[in-house]
Number of protein chains: 2
Amino acid sequence: MNKLAIPSQLDTTILAETFRLLGDPTRLRILFFCLDEPRSVGDIATSLDLSQSLVSHHLRLLRGARLVRGNRQAKQIFYELADKHVSDMLVDMAHHVCEESGED
Amino acid sequence: MNKLAIPSQLDTTILAETFRLLGDPTRLRILFFCLDEPRSVGDIATSLDLSQSLVSHHLRLLRGARLVRGNRQAKQIFYELADKHVSDMLVDMAHHVCEESGED
DNA sequence: CAAACATATCAATAATTGTTCATATGTATG
DNA sequence: CATACATATGAACAATTATTGATATGTTTG
C-alpha cells in the first residue's frame, strides 16, 4: 500500500524539526516522564533535577510542535503527550533503538 | 505486552543521539535519497545540490550511528540505509508526521 | 487587593553543531 | 608510476541552541 515517495524538501524540513526536538536528552526525559500520566512543571523539574526555567523553555518548544499539551488545574499546569501518535512514536523508537542488532 | 518503562538517563541519551542525527534537514534528505537504492557520494551531492565535503561529513555521522552503510565499488562508494529497522523507522515517522491531525 | 505560589518569558552566556575550504587518502587507468 | 577521479579528513568559522538568572504573568487564598 502507501509506499513512501521521497518527501519534498519542505516536508523533510518539517520532519527534521520534529526529530530535532526529540533529539535532546533533556526534552526526551521530560517526554518519557509525562508518558504515563500528566505531570506538573514543578514535578518535572524536581523529579528530573532541572531548573524550573529550563523545563518551561523546553515545554514551550514541545508545545509549539504539538508534541505535548498542558491542562491548567488551579495553580499548576499538567503536561501530557499530545496524542497517541506521539506516544506510540516514542515507544516504537525506543524499541527500535533497543533492538539495535539488525537482521542484516 | 512489552510495556515500556521510563528509560534510564543513559538510554535516553542514546535514543536522543539517534533522534538528533535525524533532526537535520540535510541528513534527512540524504537518508531519504538512499532509501530506495544505494547511492554514491557524488550522486548524493549532485542530486541534492550539496558540496562533496558536506555530504561526506554527514555520512560519517550517519555511519557512526549505524544508520547507513557504504559499499565500495571501484572508485565510488555506494551508501544505503543500514538495515530494515532504520528504513522502517524513517517511513513510519514520515507517516506519523503526515497524519499530523490526531484522534484526540 | 496583597501575599504566596506556579509557570512563563526575557536577555545574556556557554556550548554544540552545520558548513566551508583546503588538503589528504585511496583507487583505477594509461 | 604518474595522472585523474572519488571520497575522506582537519581546521576554522558562522550559526544555532541549551542553559542560567532575573523578572514578569497569572492564579488562588487570606
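Residue numbering restarts at 1 for every chain, and letters A, B, ... go by the order of the sequence lines.
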Answer whether the closest heavy-atom distance between the side chains of A:D43 and A:F78 falls below 4.5 Å. no

For the side chain of B:R72 and the backbone of B:A74, is there at least one donor-acceptor N/O pair under 3.5 Å apart? yes

Return a single string for nucleotides 2-13 of chain D, one symbol per nucleotide in 5' to 3' order, where B is base contact, S is sugar-phosphate-only contact and - is none, cutoff 4.0 angstrom on heavy atoms. ---BSBBBB---

Step through the shown structure and confirm whether more than 12 heavy atoms of other residues, nucleotides or ligands are within 6.0 Å of CZ on B:R60. no

In the structure I gave you, are the side-chain heavy atoms of A:M89 and A:L22 within less than 4.5 Å of one another anywhere? yes

Counting only side-chain N and O atoms of B:H58, is one of them less than 4.0 Å from OP1 or OP2 of C:dT19? yes

Please lay out, stage by stage, how B:L90 and B:L28 fare under the test side-chain contact (heavy atoms from CB on, under 4.5 Å). CA-CA 9 Å; B:L90 267 185; B:L28 255 193; 3.7 Å; yes

Considering residues, nucleotides and ligands other than A:D49, do more than 12 of their heavy atoms fall under 6.0 Å from its CG? no

Can you give each donor-acceptor pair under 3.5 Å made by side-chain atoms of residues 50-57 of chain B, sequence neighbours left out, with the distance rounded to 0.1 Å?
residue	atom	partner	partner atom	Å
B:S51	OG	B:L54	N	3.0

Calculate the interatomic distance between A:R39 atom CZ and C:dA6 atom C1'; express it in whole Å. 18 Å

Grab the CD1-C1' distance between B:I30 and C:dT19 for me, whole Å please. 12 Å

Using atom CG of A:L50 as one end and atom P of D:dA18 as the other, report the distance to the nearest whole Å. 13 Å

Do A:H58 and A:D24 come close enough that some side-chain heavy atom pair is under 4.5 Å? yes

Identify the pairs formed between an N or O of the protein and an N or O of nucleotides 13-17 of chain C at a distance under 3.5 Å, and give each distance.
residue	atom	partner	partner atom	Å
C:dT17	OP1	B:R20	NE	3.2
C:dT17	OP1	B:R20	NH1	3.3

D:dT17 P sits how many Å from A:L61 CG, rounded? 9 Å

